[in-house]
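Shown next, in structure tokens, is the structure this report addresses.
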Number of protein chains: 2
Amino acid sequence: MRTIKDIAKLAGVSRTTVSRVLNNSGYISEKSRKKVMDVIEETGYVPSQHAKSLRTKQTKIIGVILPKISTDTSSRTVDGMNEVFGEKGYQILLTSTNLDKEKEIEHLRLLQNRQVDGIILLATNTDEDLVEEIRKSKVPVVVIGQEVAGDSEIPSVIFDDYGASASLMETLIDNGYRKIGYIGVESSDRAVGVLRKQAYIDAMEKHNLEIGETWIQTGDFSIDSGYEAARRIFEGSRNVDAVFAATDRMGIGAFKYLRKERLSIPEDVAVVGIGSSETSRFIDPAMTTVEYEFEEAGRTGAEILLDILNGEANVPVKKLLDFKLVSRDSL
Amino acid sequence: MRTIKDIAKLAGVSRTTVSRVLNNSGYISEKSRKKVMDVIEETGYVPSQHAKSLRTKQTKIIGVILPKISTDTSSRTVDGMNEVFGEKGYQILLTSTNLDKEKEIEHLRLLQNRQVDGIILLATNTDEDLVEEIRKSKVPVVVIGQEVAGDSEIPSVIFDDYGASASLMETLIDNGYRKIGYIGVESSDRAVGVLRKQAYIDAMEKHNLEIGETWIQTGDFSIDSGYEAARRIFEGSRNVDAVFAATDRMGIGAFKYLRKERLSIPEDVAVVGIGSSETSRFIDPAMTTVEYEFEEAGRTGAEILLDILNGEANVPVKKLLDFKLVSRDSL
DNA sequence: ATCAAATATGGAATCGATTCCCTATTTTAG
DNA sequence: CTAAAATAGGGAATCGATTCCATATTTGAT
């Protein structure tokens, strides 16, 4: 492995000069620059990141904390981040909490010890403890996916859950559906549990539609729970004409139930979900849903973090992301 | 940020002693060890990785090169690796080629400059160039997913494509299916294109079953190509009673075609695939397929790499991975 | 009791870069 | 033509660890 010293000797200058060429800093004559450049070219020399980091306290590495790598959400978000970071010469150091919420804090610390330049956290919770830890961090942190508690100044990228949900409801109502059931998740999940449901309720109210007693059910994200929720809705009232599931997977559960009951989609009952999963696309009939652009979330998060690192002045603290209505055949 | 010097001062010993405690090396008295430990505990001191790496030439970072992060294969494999590496204090530096084969070599170089301890490559091709680059690498490289050209000594973890395919064929034949069509991919892909098809042909021969003229079709992994391939099979001969698709997604394409043709699955025609994708599970009827344990592949690859790094003697050069037949309702 | 081996600790060099501070040369202004 | 400013480049300290070597103290065998 060659070092800056070797290059200096070969080019007939001092290490200082080589360093200046490398970093484009200070005064330097064209002649020296060329000599150094030539030698670097010839030797294929690459400076040691460690030595550099030791002095500059910069690593060009971004730590990323995920709940689990192998999910659509995570992997697509990382794809997006990678795009932006790759361009700027940053690389991604991955850590996964494996769905263990406790570990989010632990990993936050671990990455700081690695002296990463910044951290992106795909949060699953927004506990006080976590927020506290983020606030204490000397390394900038950007949160993607969950709105961090109220007044905090932690930069975050979030999806427009309320808007997406509202838009889906408008579509259903526009298409003549009136008796709409809802399958949600529990309210500890702010994004999915609270906002999406609120939009459903608000839309029903706005259009003076009554909500039947059994029409609002709760699942746990799984397909099976969607099936059960659908069962509860229909066993309570046979004449519901549409099911709005807060996630695609629960929507797929509803599909299964309706199929079993020999109710045809969308003639008898419409079903819509949120997420635009692959399965939602290839199920029959294809499900109408909302697509979140996770790649875009990743890109945006990465850009915000870079802006912070570059000391940019007006970095947006919260960024609300767009969604896309995907109209298919289930309504 | 505290340094080893601070700790030494606080504990009333030299930096050398602190370092010895940190690394469990050399002689040290219980008393000194305790003093140092206490101070470390109190201060929450963590050694700088950069300084350490600069001296030891070890980074405790593994570079991982993927074709694309957001695929089932990649993300599950990374999940598996992460499990093993995490335990041993290694972290993962991710890079993605975004399906650009050329970039595999470029990233291989990039990671070496980062001075990672080892590299895991989820290869999409096994060109001469690539093999050459791997061979030149001073950093150990483990390849997952593709068998690297013949005689090479490059450690790799591969799936038993022939075995999986053969086992699926046996199941079909055991269940009385005789006129089996095949949807594959082109032979530039060794694992999927060549081995799986060979197993199909061998099984048919072994059981003295004839292969109709239009029964072997080629797709490009996409669902649509599966649809088209199925169309070509059935337009050629109406009485095929089973379709063996080399991948789930092409199998799903076949599902679509059969549904359109009002042929019921499995009464009229059986369909099987390989991959155990989520969609294969929730399509109706659920598809019989083969599950590859990508997590296991990741774990195994990680273990092999660690063995190499630890100078273990007999590291297996090739490791063939198991598969699991997932019997469902499509046959 | 004596001497070698084992144990314990510290000083200082080292890894490969950056950067502060200094000196020398060239350019520019008055 | 001279003094100040701009340009160019080098010496050496520095970042925070590890590790070689030297020295001091204990232990154990004879």
Side-chain angles (χ1 to χ4, degrees), chain A residues 1-40 43-61 89 91 110 112-117 138-139, chain B residues 1-40 43-61 89 91 112-117 138-139 309:
Chain A
M1 185 60 67
R2 291 172 192 286
T3 74
I4 199 173
K5 215 168 155 184
D6 303 329
I7 305 304
K9 189 170 290 172
L10 286 171
V13 299
S14 75
R15 286 136 76 204
T16 309
T17 305
V18 175
S19 175
R20 289 205 180 105
V21 172
L22 251 26
N23 298 285
N24 259 305
S25 61
Y27 292 116
I28 217 168
S29 64
E30 260 323 302
K31 224 169 64 185
S32 302
R33 157 169 274 118
K34 183 160 179 348
K35 269 192 300 187
V36 173
M37 289 296 240
D38 285 351
V39 174
I40 290 178
T43 54
Y45 160 77
V46 182
S48 150
Q49 267 296 329
H50 302 302
K52 190 169 181 159
S53 297
L54 182 55
R55 271 290 337 214
T56 61
K57 312 285 177 209
Q58 268 221 3
T59 55
K60 288 275 187 178
I61 290 183
Q91 283 177 326
L110 212 68
Q112 292 184 55
N113 297 339
R114 276 279 188 196
Q115 282 130 327
V116 297
D117 289 348
K138 279 141 294 182
V139 175
Chain B
M1 185 60 66
R2 290 173 193 285
T3 76
I4 199 174
K5 215 167 157 184
D6 303 329
I7 305 304
K9 188 168 292 171
L10 287 171
V13 299
S14 74
R15 285 137 76 204
T16 310
T17 304
V18 176
S19 176
R20 288 205 180 100
V21 172
L22 250 28
N23 298 285
N24 256 303
S25 63
Y27 293 115
I28 215 166
S29 66
E30 259 324 304
K31 223 170 65 186
S32 300
R33 158 168 275 119
K34 183 161 181 348
K35 270 192 302 185
V36 173
M37 290 296 239
D38 285 352
V39 174
I40 289 178
T43 55
Y45 159 77
V46 182
S48 150
Q49 266 297 328
H50 301 302
K52 189 168 182 160
S53 298
L54 182 56
R55 272 289 333 213
T56 61
K57 313 287 178 207
Q58 269 221 4
T59 55
K60 288 277 188 173
I61 290 183
Q91 283 177 327
Q112 292 184 54
N113 295 340
R114 277 279 188 195
Q115 282 130 325
V116 296
D117 289 347
K138 280 140 294 182
V139 175
L309 290 178

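First the proteins, then the strands, lettered A, B, ... as listed; each starts at 1.
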What nucleic acid atoms does B:Val13 come within less than 4.0 Å of, heavy atoms only: base, sugar-phosphate, or nothing?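 Sugar-phosphate, no base atom in range.
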Give the rounded distance in Å between these two atoms: [atom1] of [X] and [atom2] of [N].
{"X": "B:Arg15", "N": "C:dG10", "atom1": "CZ", "atom2": "P", "result": "12 Å"}
{"X": "A:Ile40", "N": "C:dA17", "atom1": "CD1", "atom2": "P", "result": "10 Å"}
{"X": "B:Arg55", "N": "D:dA17", "atom1": "CZ", "atom2": "P", "result": "13 Å"}
{"X": "A:Ile4", "N": "C:dA17", "atom1": "CD1", "atom2": "P", "result": "6 Å"}
{"X": "B:Lys5", "N": "C:dA12", "atom1": "NZ", "atom2": "C1'", "result": "12 Å"}
{"X": "A:Glu30", "N": "D:dT7", "atom1": "CD", "atom2": "C1'", "result": "13 Å"}
{"X": "A:Gln115", "N": "D:dC15", "atom1": "CD", "atom2": "P", "result": "14 Å"}
{"X": "B:Ile28", "N": "D:dT19", "atom1": "CD1", "atom2": "P", "result": "14 Å"}

D:dG9 OP1/OP2 closer than 4.0 Å to side-chain N/O of A:Lys31: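 Looking at the OP1 and OP2 atoms of D:dG9, neither is under 4.0 Å from any side-chain N or O of A:Lys31.
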Is there a side-chain contact between A:Ser29 and the phosphate of D:dT7, meaning an N or O under 4.0 Å from OP1 or OP2?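 No.
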Verdict with reasoning, A:Asp38 to A:Lys34, per side-chain contact (heavy atoms from CB on, under 4.5 Å): CA-CA 6 Å; A:Asp38 285 351; A:Lys34 183 160 179 348; 2.7 Å; yes
Report yes if a donor N or O on one partner sits less than 3.5 Å from an acceptor N or O on the other, where the partners are the side chain of [X] and the base of [N]; otherwise report no.
{"X": "A:Ser14", "N": "D:dG11", "answer": "no"}
{"X": "A:Ser32", "N": "D:dG9", "answer": "no"}
{"X": "A:Ser25", "N": "C:dT19", "answer": "no"}

Closest-nucleotide 5' rank along DNA chain D - winner of B:His50 and B:Thr16: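 So the residue in question is B:His50.
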Along DNA chain D (nearest heavy atom to each residue), the more 5'-positioned of B:Arg20 and B:Leu54: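 The residue whose closest nucleotide sits nearer the 5' end is B:Leu54.
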Considering only side-chain heavy atoms of A:Asn23, which listed nucleotide, C:dT18, C:dG16, D:dG16, is closest?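 The closest nucleotide is C:dT18.
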